[in-house]
Amino acid sequence: MNFADKLIREHKLNREEYIGLLQQFEQENAGTGMENNSQQSLFRQSAENIGRVKTKYNAANGEHCSLANYLAAEAVRLRQEIYGTDVYVRGLIEFTNICRNDCLYCGIRKSNPHTERYRLTKEEILACCENGYDLGYRTFVLQGGEDGYYTDERLADIVRTIHSAYPDCAITLSVGERSYESYRLLREAGADRYLLRHETANPEHYRMLHPAELSHANRMQCLRNLRSLGYQVGAGFMVGSPYQTTEHLADDLVFLQEFRPEMVGIGPFIPHHDTQFADYPAGSVKLTLFLLSVIRIMLPHVLLPATTALGTMDPLGREKGMLAGANVVMPNLSPVKNRKQYELYDNKICTGEEAAECRGCLAHRMNTVGYQLVSDRGDCKS
Ligand code: 5AD
Ligand code: FES
């Protein structure tokens with residue numbers, strides 16, 4: 001069965017077919033120096049099962065290419081058909097690193113005593129927006145830990161103020177799990193979009209990455225609540241997170257296919273030295289790129305960032321992300337004095353650069369692969 005062609009033709013596969021597609025990819029990359037990958041046991045397993053015969057695909061020009069390149073070409077074709085060579089920019093404001101949660105993989109988890117905690121004032125947040133607006137950004141992403149200081153009233157007030165100061169901009173929130181009523185108030189205050197990665201679609205895997213207080217069921221309920229309130233919703237997961245298997249990744253793909261989020265954020269897992277996963281291997285860049293292509297083909301209109309984690313694992317990660325089907329970048333707008341403190345994982349890039357430097361850097365990087373940053377809200381075209 002040719003899973004790649006079926007995916008291209010039908011924009012969907014079932015769970016077993018996704019497993020087959022992922023195993024074909026693993027087989028192609030087995031023993032090819034897939035450094036940084038925590039999928040090694042899977043590679044061994046699939047290499048034994050399937051043997052090492054490399055599948056060849058015919059590229060548009062008639063030449064043979066790998067499965068990854070074959071799907072990347074189709075992903076880029078779809079992306080360009082819908083979004084041209086435009087790259088949407090999201091100004092990311094990391095406004096608090098205080099968090100009530102203890103996600104096992106996360107550097108700002110509450111039980112990390114070494115994180116120096118901070119919280120931006122409303123004025124500081126507005127200064128970030130002003131800076132971002134001047135740089136041409138028309139979407140602001142307010143991201144933070146689950147910080148109890150930001151009650152519905154306080155956060156809604158900030159959203160309302162940004163909304164009235166920049167009525168031509170989209171406001172995206174990324175502040176974790178909150179009640180339906182809270183999401184409703186924030187939506188009413190002017191928030192347009194919400195990023196809440198599902199982290200893993202498999203409940204057992206979810207339990208291996210999170211403390212008992214957090215549940216997969218509540219995560220999913222939050223995503224449905226956000227959807228029903230009219231937010232453009234972003235889901236996503238880490239590639240190569242601890243204990244992740246091929247089956248888990250297939251579950252993630254099936255979930256995305258059914259839920260059809262407007263935005264999907266994926267990036268390699270990167271260990272943080274102060275977490276219990278400090279010694280776990282980071283996720284694979286190649287697998288992340290392959291999954292970006294699969295997701296683009298599955299959801300052709302999706303807003304798909306080449307994430308900072310991808311840029312951290314590979315100096316050309318974000319450029320490669322574009323060439324795999326991504327169409328969004330999320331440069332940092334946070335005050336430089338706080339950047340190092342929002343360290344979800346080790347060696348995060350862009351912690352010393354001013355916002356304008358990141359803007360210039362990304363503009364150049366995107367140009368090198370034939371794309372250009374645009375000053376636009378960057379809504380989902382569908
Ligand atoms: N490596 C990579 N990504 C991480 N995230 C959190 N910790 C890490 C890490 N160690 C991701 C999670 C979260 C998003 C904001 O950052 O998927 O949803
Ligand atoms: Fe920040 Fe390149 S994007 S320095």
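All ligand and atom numbering here is 1-based and tracks the order in the structure. It should be emphasised that the depicted structure is a prediction, and the values quoted were computed from it without experimental measurement. Values below: every heavy atom of this structure, side chains too, minus hydrogens, waters and symmetry copies.
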Can you pull out the closest protein heavy atom to [atom]? Residue, atom name and distance to 0.1 Å, please.
atom                    : value
atom 18 (O) of ligand 1 : E199 OE2, 2.5 Å
atom 3 (S) of ligand 2  : R318 NH1, 3.2 Å
atom 16 (O) of ligand 1 : L344 CD1, 3.5 Å

Atom [atom1] in [X], atom [atom2] in [Y]: separation rounded to 0.5 Å?
X    : Y    : atom1 : atom2 : result
K381 : I82  : NZ    : CD1   : 9.0 Å
S334 : N97  : OG    : CG    : 10.5 Å
L249 : F237 : CG    : CZ    : 5.5 Å
N202 : D251 : CG    : CG    : 5.0 Å

Study note, to complete from the structure: The answer for which part of M238 has a heavy atom under 4.0 Å from ligand 1 is side chain
Practice item. Tell me which part of P271 gets within contact of ligand 1: side chain, backbone, both or neither, using heavy atoms under 4.0 Å. Key: neither
Exercise for review: Take K12 and E258, measure what salt bridge (charged side-chain N to carboxylate O under 4.0 Å, His left out) needs, and give me the verdict at the end.
Suggested key: CA-CA 10 Å; K12 59 174 196 265; E258 288 172 357; over 6 Å; no
Point to revise | Minimum heavy-atom distance between G378 and D376, given as atom pair plus value | key: N-OD1, 2.7 Å
Check your understanding: What atoms of ligand 2 come closer than 4.0 angstrom to any heavy atom of L362?
Key ->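 Near L362, meaning under 4.0 Å from one of its heavy atoms, ligand 2 has 3 (S).
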Exercise for review: Under 4.0 Å from a heavy atom of C358: give me the atoms of ligand 2 that qualify, with their elements.
Suggested key: 1 (Fe), 3 (S), 4 (S)
Point to revise | Enumerated ligand 1 atoms positioned under 4.0 Å from heavy atoms of Y105 | key: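 So the atoms of ligand 1 that pass are 6 (C), 7 (N), 10 (N).
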Point to revise | Enumerated ligand 1 atoms positioned under 4.0 Å from heavy atoms of P268 | key: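 Matching atoms, with element in brackets: 2 (C).
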Exercise for review: Assess the pair Y105 and Y280: is the distance between their ring centroids shorter than 6.0 Å?
Suggested key: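 No - the distance between ring centres of Y105 and Y280 does not fall below the 6.0 Å cut-off.
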Practice item. Decide if the gap between the ring center of Y166 and the ring center of F140 is smaller than 6.0 angstrom. Key: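 They qualify: ring centres under 6.0 Å apart.
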Practice item. Tell me whether C350 has at least one N, O or S atom under 2.8 Å from atom 1 (Fe) of ligand 2. Key: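 Here the distance criterion (N, O or S atom, under 2.8 Å) is met by C350, so yes.
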Point to revise | C361 near atom 2 (Fe) of ligand 2: N/O/S under 2.8 Å | key: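 For C361, the answer is yes, given that an N, O or S atom comes within less than 2.8 Å of atom 2 (Fe) of ligand 2.
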Review point. Based purely on interatomic distance, does Y345 place a nitrogen or oxygen under 3.5 Å from a nitrogen or oxygen of ligand 1?
Key: no
Review point. Purely on distance, is any nitrogen or oxygen of R197 under 3.5 Å from one on ligand 1?
Key: yes
